Amino acid sequence: MNDEPHKDRIVDEKPQSELKVDNDEEKQGKEINTDEDRLPSRAAAVHEIIRMEGTKELERDVWALLWSAVAAGLSMGASLMAKGIFHVKLDGVPGAFLLENFGYTLGFIIVIMARQQLFTENTLTAVLPVMNKPNRTNLLLLMRLWGLVLLGNLIGTGLVAFIFWHLPVFDVQTREAFVSISQKVMENSPTEMFANAVVSGWIIATMVWMFPSAGAAKIWVIVIMTYLVAIGDLTHIVVGSVEILYLVFSGHLHWQEFIYPFAVPTLIGNIIGGTFIFALISHAQIRSELDKNKGKK
């Protein structure tokens with residue numbers, strides 16, 4: 001007879017443990033306003049749409065985030081695969097470099113259109129709720145998200161690099177192309193890794209900022225912006241991890257060189273480019289507008 005009340009208590013207690021982003025809308029029981037007609041500018045509407053998406057991501061379940069991030073890491077293997085295949089098939093074709101780099105965009109198309117968790121995308125999306133209300137709760141949620149997504153992305157990239165090397169999927173020429181493409185990344189010094197990563201982090205953040213206005217052209221935004229990263233030979237922590245881990249598994253590189261000079265400078269550069277440069281500037285340009293808009297209500 002005492003079982004039912006006990007069950008009720010468990011059900012009642014469950015919502016209290018749910019993770020929630022600390023913001024004014026949550027306290028007022030309202031949703032984030034994304035209606036352009038009720039906001040001071042189109043830029044403010046874009047900001048609020050991305051902040052709403054970031055809020056949802058920060059509140060997602062641990063395992064949902066991790067598995068989605070692993071899937072994204074696996075999917076990013078498509079960039080190395082497509083670029084390597086194009087490198088072989090287009091050998092001797094005029095403008096081959098420009099054409100083969102379209103292969104780089106494939107992994108991003110899969111990850112973003114499938115709504116998988118990509119670390120560099122989250123450096124903008126998830127950071128806006130924290131910039132809107134910077135406090136301990138929101139910062140811990142951001143660190144949780146970044147940690148889980150980065151871990152999942154690296155697990156996925158490690159798995160796909162291992163599969164590419166150990167399974168008899170590709171011919172010798174394509175495997176050699178993978179090595180050649182990956183070794184080009186390691187030609188950069190740690191300082192160059194960092195500087196290139198700052199620019200690529202900024203480009204990816206710009207791409208995310210463009211999504212709310214892109215509509216049906218979203219896939220073209222992905223192609224154009226990530227193609228810039230490819231032809232600029234810029235470093236990206238997730239795509240680059242597939243490439244460098246392929247060198248590790250194939251015996252061309254010691255695993256410690258994955259950590260440094262590649263991963264550490266690239267990760268820091270991507271975070272600075274996507275967060276401290278783009279997100280801060282983007283947030284700053286509309287913060288005063290939103291504050292004035294709230295003051296009128």
Side-chain angles (χ1 to χ4, degrees), residues 14-23 25-26 31-32 34 47-79 107-163 197 200-201 204-205 207-209 211-212 218 222 226 236-242 245 263-264 266-268 270-276 278-279:
K14 189 176 180 181
Q16 297 175 10
S17 63
E18 291 180 358
L19 295 168
K20 289 291 181 183
V21 172
D22 184 10
N23 57 38
E25 291 84 1
E26 176 67 24
E31 292 186 355
I32 295 173
T34 59
H47 178 281
E48 293 299 86
I49 290 169
I50 296 174
R51 181 165 73 90
M52 182 175 66
E53 289 296 318
T55 299
K56 292 177 181 178
E57 297 300 331
L58 288 170
E59 295 175 350
R60 284 188 70 183
D61 175 73
V62 168
W63 291 107
L65 285 171
L66 185 61
W67 283 116
S68 180
V70 171
L74 289 166
S75 298
M76 291 307 286
S79 289
F108 285 96
I109 293 171
I110 296 170
V111 167
I112 295 170
M113 298 304 288
R115 308 282 294 180
Q116 295 168 351
Q117 290 287 333
L118 182 65
F119 180 78
T120 48
E121 188 180 359
N122 280 315
T123 52
L124 171 67
T125 307
V127 84
L128 288 187
V130 180
M131 289 184 177
N132 181 69
K133 193 157 189 177
N135 56 32
R136 183 174 178 273
T137 298
N138 290 345
L139 185 60
L140 287 175
L141 285 172
L142 179 63
M143 293 299 103
R144 165 185 170 271
L145 175 69
W146 278 4
L148 287 169
V149 172
L150 181 60
L151 175 62
N153 284 169
L154 293 180
I155 291 171
T157 56
L159 286 171
V160 77
F162 182 86
I163 291 169
S200 70
I204 298 301
M207 176 183 71
V208 174
W209 189 263
F211 284 162
K218 182 176 181 179
I222 298 170
T226 57
H236 185 277
I237 185 61
V238 184
V239 182
S241 291
V242 180
L245 289 173
V264 173
T266 302
L267 177 61
I268 295 172
N270 283 164
I271 291 173
I272 289 175
T275 301
F276 295 106
F278 189 89

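Here the structure is a predicted model, which means the values were calculated and not measured.
- Counting heavy atoms from C-beta on, the side chains of Met207 and Ile112 come closer than 4.5 Å.
- In this structure the side chain of Leu58 reaches within 4.5 angstrom of the side chain of Pro129, judged on heavy atoms.
- With sequence neighbours left out, the side chain to side chain contact (heavy atoms under 4.5 Å, CB included) criterion links Lys56 to Met52, Glu53.
- Val208 and Pro212 make their closest contact through O-CD, 3.5 Å (heavy atoms, listed as atom of the first residue, atom of the second, distance).
- In this structure, the side chain of Asn270 engages the main chain of Ile237 through a donor-acceptor pair within 3.5 Å.
- Rounding to the nearest 0.5 angstrom, the gap separating the CE atom in Met76 from the OG1 atom in Thr157 is 9.5 Å.
- For the atom pair CG (Leu267) and CZ (Phe119), the distance works out to 5.0 Å, reported to the nearest 0.5 Å.
- Contact of the Ile50 side chain with the Phe211 side chain is not registered, since no non-hydrogen atoms from C-beta on lie closer than 4.5 Å.
- Taken from CD1 in Ile204 to CG in Leu124, the straight-line distance is 11.0 Å, to the nearest 0.5 Å.
- In this structure, the side chains of Met131 and Thr275 come closer than 4.5 Å at one or more pairs of heavy atoms.
- Note that CG of Asn138 is 8.5 Å distant from CG of Asn132, once rounded to the nearest 0.5 Å.
- Identified under the side-chain hydrogen bond (donor to acceptor under 3.5 Å, both in side chains) test for residues 57-75, with sequence neighbours left out: Glu57-Gln117, Ser75-Gln116.
- Between atom CG of residue Asn135 and atom CG of residue Leu140 there is a gap of 9.0 Å, rounded to the nearest 0.5 Å.
- Residues Arg144 and Val62 meet the side-chain proximity criterion, which asks for heavy atoms closer than 4.5 Å.
- A search for side chain to side chain donor-acceptor pair (under 3.5 Å) contacts involving Arg136 returns nothing, not counting sequence neighbours.
- A donor-acceptor distance shorter than 3.5 angstrom exists from the side chain of Ser200 to the backbone of Ala197, with no hydrogens or angles considered.
- Using a 4.5 Å cut-off on side-chain heavy atoms (C-beta onward), Val149 and Asn153 make contact.
- A distance of 12.5 Å separates CG in Leu142 from OG1 in Thr137, rounded to the nearest 0.5 Å.
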Run the side chain to side chain contact (heavy atoms under 4.5 Å, CB included) check on Leu159 and Ile155 step by step: do they pass? CA-CA 6 Å; Leu159 286 171; Ile155 291 171; 4.1 Å; yes

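- Ile110 and Ala78 get closest at one heavy-atom pair: CD1-CB, 3.7 Å.
- Ser79 and Gly107 make their closest contact through OG-N, 3.1 Å (heavy atoms, listed as atom of the first residue, atom of the second, distance).
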